[in-house]
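Report on one structure; see the data block that follows.
Start at 1 and go down the list; that is how both ligands and their atoms are numbered. Numbers here are sequence positions counted from 1.
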Amino acid sequence: MSVQSEIRRLTAPDIRARKGGEPIVMLTSYHAHTAALADKHCDVILVGDSLGMVMHGLETTVPVTLDMMILQGQAVMRGSKRALVVVDLPFGSYEASREQAFMTAARVLKETGCGAIKLEGGRRMAETIAFLTERGVPVMAHVGLTPQAINALGSFRAQGRDESDWARFEDETLAVAEAGAFSVVIEAVAEPLARKLTETIEIPTIGIGASPACDGQVLVMEDMLGLSPRVPKFVKRYGDLGPGIDKAITDYAAEVRARTFPGPEHTYPMKKK
Ligand code: KIV
């Protein structure tokens with residue numbers, strides 16, 4: 001007997017069909033509770049490998065492992081019902097060959113239940129993207145600034161600010177679209193280039209630091225909530241949760257030290273005889 005859940009999750013084809021339509025809202029989440037909040041408002045929840053920096057205090061995404069991604073992907077799937085959940089393939093888990101990429105992606109889909117994976121790279125990943133999509137793995141691509149390549153790039157700098165670089169980015173983006181990606185994240189590129197890429201390709205572009213010209217936007221949740229100590233120029237802080245959390249912990253510590261917490265309302269009395 002088949003079991004159908006009442007709320008149907010958005011799928012990769014649903015997001016693909018949004019090209020040029022209502023903007024796609026995407027946000028990262030790594031936990032069940034924040035996933036439940038994001039699920040009410042977002043079309044796509046990204047379990048990004050930025051979790052290495054945000055949750056674990058790493059300097060870059062390079063040390064993030066597949067097991068870390070799967071664990072948080074499972075948490076986000078438990079917390080959400082409606083959004084398409086996309087899980088990042090971490091550095092070193094997919095670049096060696098298209099077969100390696102398929103085995104990694106299959107593990108992510110099977111063990112998390114997510115609806116798609118994301119991988120970084122343009123033309124060099126096109127053959128892999130085609131291999132995966134032909135075998136039932138929906139792929140979101142990621143071009144422009146690709147943080148997993150930080151050791152080769154040298155720094156997290158905006159890309160495509162010189163028109164002489166544009167042809168390379170157009171080629172990268174066209175390659176992933178033609179290979180079968182259902183959408184592509186464009187990170188930290190100059191506004192006119194993002195506009196041109198969005199107009200050129202047939203799949204939705206999801207910008208992060210790539211202007212409103214894109215078909216959708218993504219941010220790292222902790223950055224937009226004001227919890228990250230340093231954020232790139234493209235982040236707008238929609239909240240300032242740091243001081244609120246600081247105050248709550250200050251009050252808790254003071255009440256524990258003064259023995260005013262726990263109060264009678266937080267304490268179990270004996271059963272009435
Ligand atoms: O890992 C991540 O959070 C990402 C977004 C920045 C797009 O890839």
Side-chain angles (χ1 to χ4, degrees), residues 15 23-31 34-35 38 42-66 68-73 75-76 80 83-95 104-105 108 112 114 116-122 125 129 138-150 153 155-159 172-173 176 181-189 194 197-198 203-211 214-225 227-228 230-238:
I15 299 303
I24 298 159
V25 182
M26 174 160 136
L27 195 58
T28 64
S29 165
Y30 323 120
H31 335 90
T34 56
C42 297
D43 305 304
V44 184
I45 300 178
L46 173 67
V47 185
D49 60 357
S50 53
L51 66 79
M53 283 127 116
V54 175
M55 290 182 68
H56 298 275
L58 296 168
E59 282 293 312
T60 72
T61 55
V62 173
V64 171
T65 66
L66 184 56
M68 286 159 87
M69 297 308 303
I70 289 176
L71 198 61
Q72 301 328 128
V76 168
S80 62
L84 170 66
V85 174
V86 179
V87 176
D88 259 344
L89 300 192
F91 177 72
S93 73
Y94 64 94
E95 303 90 329
T104 301
V108 169
T112 68
C114 73
I117 60 90
K118 178 164 82 58
L119 52 78
E120 294 185 9
M125 292 312 301
I129 293 171
V139 178
M140 177 180 280
H142 184 152
V143 300
L145 177 65
T146 47
Q148 292 179 6
I150 181 63
L153 293 170
S155 67
F156 295 110
R157 257 204 329 270
Q159 311 284 303
E172 303 273 25
T173 315
V176 298
F182 72 92
S183 62
V184 56
V185 168
I186 301 183
E187 180 163 353
V189 308
L197 298 177
T198 301
I203 58 171
T205 57
I206 301 180
I208 174 160
S211 90
C214 295
D215 296 297
Q217 299 294 325
V218 56
L219 282 177
V220 170
M221 186 185 289
E222 283 75 358
D223 290 354
M224 56 87 86
L225 291 180
L227 286 172
S228 304
R230 281 172 290 122
V231 292
K233 168 191 165 73
F234 56 71
V235 173
K236 176 170 175 181
R237 289 186 181 235
Y238 286 85

Test item: Phe91 and Thr60 side chains (from C-beta on) under 4.5 Å apart, heavy atoms: no

Close side-chain approach of Leu51 and Met69, heavy atoms under 4.5 Å: yes

Subset of ligand 1 atoms that lie under 4.0 Å from at least one heavy atom of Ile208: 6 (C)

By salt bridge (charged side-chain N to carboxylate O under 4.0 Å, His left out) - contacts of Asp223 (at least two apart): none

Side chain, backbone, both or neither: Thr61 near ligand 1, heavy atoms under 4.0 Å: neither

Nearest protein heavy atom with distance in Å, relative to atom 7 (C) of ligand 1: Leu46 CD2, 3.7 Å

Ligand 1 atoms in contact with Gly48 (distance to a heavy atom under 4.0 Å): 1 (O), 2 (C), 3 (O)

Check: Met26 and Asp43 side chains under 4.5 Å, non-hydrogen atoms: no

Closest non-hydrogen atom pair, Met140 against Phe182: N-CE2, 3.6 Å

Within reach of ligand 1, part of Asp49 (heavy-atom separation under 4.0 Å): both

Heavy-atom side-chain proximity of Met55 to Met68 below 4.5 angstrom: no

Thr28: numbered ligand 1 atoms lying under 4.0 Å from its heavy atoms: 3 (O)

Contact check: Lys118 vs ligand 1, nitrogen or oxygen atoms, below 3.5 angstrom: yes

Expected output: side-chain Gln72 to main-chain Ile70 donor-acceptor under 3.5 Å: no

Taking atom 2 (C) of ligand 1 as the reference point, the nearest protein heavy atom with its distance: Ser50 OG, 3.3 Å

Contact check: Asp88 vs ligand 1, nitrogen or oxygen atoms, below 3.5 angstrom: yes

